[in-house]
Amino acid sequence: MINLKSHDDDKITGAQIRAARALIRWSAKELALAAGVGVATISRAEVEAGRTTLTAANLKAIKSALERAGVEFIAENGGGAGVRFKKPS
């Protein structure tokens, strides 16, 4: 199992996943279907207080599904991690 304990830019928190899902009004089941993972994987990710311990592949699938749905993840960079809608291009 590959955990995201190394330094990489794809790290997101369980709170960010919960917030992103709420922002686009998706159920855990809808996110699971869009990401190609199980509902239990979504639940496990969202319950974690900080960085998730999901495999890199599962985390990437979840993040990609949310980004395709119009969510942008905001890095910690001193102001606090978060999510928002992507600016239309």
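Fair warning: this is a prediction, and the values are worked out from it, not measured in the lab. The basis for the numbers below is simple: all heavy atoms, side chains too, and nothing from hydrogens, waters or symmetry mates.
For the pair Ala61 and Ala35, the tightest heavy-atom approach, listed with the atom from each and the gap, is CB-O, 3.3 Å. Of all non-hydrogen atoms in Phe85 and Leu23, the two that sit nearest each other are CZ-O, 3.5 Å. In plain terms, the two heavy atoms of Arg51 and Lys11 that are nearest each other are NH1-O, 3.4 Å.
Residue pairs that meet the salt bridge (charged side-chain N to carboxylate O under 4.0 Å, His left out) test with at least one member in residues 21-50, sequence neighbours left out, are Arg21-Glu46.
Side chain of Ser43 to main chain of Val39: a donor-acceptor pair is present (N/O by atom type, distance under 3.5 Å, no hydrogens or angles).
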Can you list, pair by pair, the side-chain donor-acceptor contacts under 3.5 Å of residues 66-75, counting residues two or more places apart and other chains?
from	atom 1	to	atom 2	distance (Å)
Arg68	NH2	Ala34	O	3.2
Glu72	OE1	Arg84	NE	2.8
Glu72	OE1	Arg84	NH2	3.4

Quiz item: Can you list the steps and then say if Leu59 with Ile17 is a side-chain contact (heavy atoms from CB on, under 4.5 Å)?
Solution: CA-CA 10 Å; Leu59 186 57; Ile17 295 169; 4.2 Å; yes

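Leu54 pairs in a side chain to side chain contact (heavy atoms under 4.5 Å, CB included) with only one of the listed residues (Val37, Ile42, Ile62), which is Ile62.
For the atom pair Ile12 CD1 and Lys60 NZ, the distance stands at 13.0 Å (nearest 0.5 Å).
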